[in-house]
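Read through the structure below, which is laid out as structure tokens, and then see the notes.
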Amino acid sequence: MDESKVPGWHVLGSAGGMDLDQTLTSGQCFRWQRQADGWHGIAEGRRVTAKVEDDMLWLLSPPEEDGFWRHYFALDTDYGALHRRFAASKRLASCVEAAPGLRVLNQPFFEVLCTFLISQNNNIPRIKGIVERLCMLCGEELAPGVYAFPAPEALATQTPESMAVLRAGWRSDYLLNAARRVCDGALDPQTLSALPMDAAREQLMQLRGVGPKVADCVLLYGLGFADACPMDVWMKRAMAVLFPRGMPRAAGACKGIAQQYIFEYARTHLPRGEKPPAKPRKPGLSRAKSAKGKTLPREPEQSC
DNA sequence: TGCCAGGCATCTA
DNA sequence: TAGATGCATGGC
């Protein structure tokens with residue numbers, strides 16, 4: 001037996017201040033569970049248990065998968081340096097203070113696409129439930145009762161009838177269509193990654209069920225477009241973090257997303273020591289929310 | 001029990 | 001073109 005393939009606890013590397021609780025509960029991923037021995041997760045057919053001790057990231061996984069997880073956890077991004085730069089901005093410093101251990105994960109494209117299609121007009125507990133049922137329906141069984149996220153080919157063979165068990169509502173059609181577009185080559189992550197970000201966003205939005213929000217999440221989490229965060233989106237999210245008064249019930253999730261956007265925006269847009277540009281003035285949030293009287297209250301501007 | 005959710009497509013004025 | 005509405009389901 002090849003000993004190198006035996007899963008065992010080992011150090012992947014310095015955690016660099018990463019906090020798994022903050023990162024894995026921020027709403028960017030949906031297949032992690034906290035258990036007594038650490039965080040249990042599945043990505044791209046790989047199972048792992050992860051924990052941070054003394055700022056070292058420990059994994060219980062086959063060592064040959066270390067490269068995958070190093071990329072997944074973005075261990076090569078120097079968040080310490082980022083945080084020092086953020087200190088120049090009151091806004092960013094507030095976000096860092098709220099969740100200094102938050103990191104943006106690099107997740108598999110198809111998993112991100114599907115989970116964020118599921119996320120629309122939905123809440124996180126239910127999103128997780130639908131994702132788990134989807135994996136049980138057509139994902140590979142990695143261990144008794146443990147399923148990988150479905151491959152596009154496996155999902156594409158499903159039907160609206162077979163998808164009914166997901167209880168995902170109209171989102172099932174979006175999932176089927178997305179899987180089939182990936183399978184027929186019309187949607188290819190490598191091609192998308194090679195495009196300029198705006199072109200990649202435009203192509204994603206050709207997909208039924210993908211609007212600006214879902215497209216940006218796929219660009220950011222699933223395609224490595226770290227700057228998939230237009231200024232107005234960034235500022236909307238920042239508002240939710242810095243001015244929580246009047247936030248809807250999902251404030252926790254909103255905060256997580258806000259911080260992720262802020263980190264990535266600042267990382268790619270702010271030259272060292274430079275202040276972020278002024279916030280453009282925009283009307284409130286989405287039309288639908290305004291119509292329902294759920295618009296976040298506007299707050300006075302803060303200079304950064 | 002009823003509101004609302006990490007949107008989006010479609011309809012209407 | 002902007003605003004309104006409906007969509008399926010379940011968490012809270």
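Scope of the values below: all heavy atoms of this structure, side chains included, with no hydrogens, waters or symmetry mates.
A cation-pi contact, defined as under 6.0 Å to the ring centre and within 45° of the axis, is absent between A/R103 and A/F73. Because its NZ or CZ atom is both nearer than 6.0 Å to the ring centre of A/F68 and within 45° of the ring axis, A/R46 counts as a cation-pi partner of that residue.
Using a 4.0 Å heavy-atom cutoff across all strands shown, A/R171 reaches at least one base atom of the nucleic acid.
Residue A/F116 contributes atom CZ, which lies 17 Å from atom P of B/dA5 at whole-angstrom precision. Across the protein-nucleic acid pair, A/N123 atom CG and B/dG2 atom P stand 19 Å apart, rounded to whole Å. A straight line from CD of A/Q206 to P of B/dC8 spans 14 Å, rounded to a whole angstrom. Rounded to an integer number of Å, the gap from CD1 of A/I124 to P of B/dG7 is 11 Å. In this structure, A/K128 places its NZ atom 13 Å from P of C/dG11, rounding to the nearest Å. Following rounding to the nearest Å, A/N122 (CG) and B/dC8 (C1') show an atom-to-atom distance of 13 Å. C/dC7 atom P lies 21 Å from atom CD1 of A/I118, rounded to whole Å. Whole-Å rounding puts the A/Y174 OH to C/dA8 C1' distance at 11 Å.
Using P as the reference atom, B/dC3 and C/dT5 are 16 Å apart when rounded to the nearest Å. Rounded to whole Å, the C1' atom of C/dG10 lies 22 Å from the corresponding atom of B/dA9. For B/dT1 and C/dT9, the C1' atoms lie 16 Å apart once the distance is rounded to whole Å.
Distance OH/A/Y72 to CG/A/L105: 5.0 Å, rounded to 0.5 Å.
Each of A/P125 and A/Q120 was matched to the nucleotide of DNA chain C holding its nearest heavy atom; the match closer to the 5' end belongs to A/Q120.
Contact annotation: side chain of A/K213 to base of B/dG7, donor-acceptor pair absent below 3.5 Å. For C/dT9, its base sits under 3.5 Å from the side chain of A/R126 at one donor and acceptor pair at least.
Under the Watson-Crick or G-U wobble criterion, with both distances below 3.5 Å, B/dT1 is left unpaired in every strand shown.
Using a 4.0 Å cut-off between a side-chain N of Lys or Arg and a carboxylate O of Asp or Glu, A/D76 and A/R70 qualify as a salt bridge. The existence of a salt bridge linking A/R34 and A/D21 is confirmed by a sub-4.0 Å separation between a basic side-chain nitrogen and an acidic carboxylate oxygen.
When each of B/dA9, C/dT9, B/dC8 is scored by its nearest atom to the side-chain atoms of A/R208, the top-ranked nucleotide is B/dA9.
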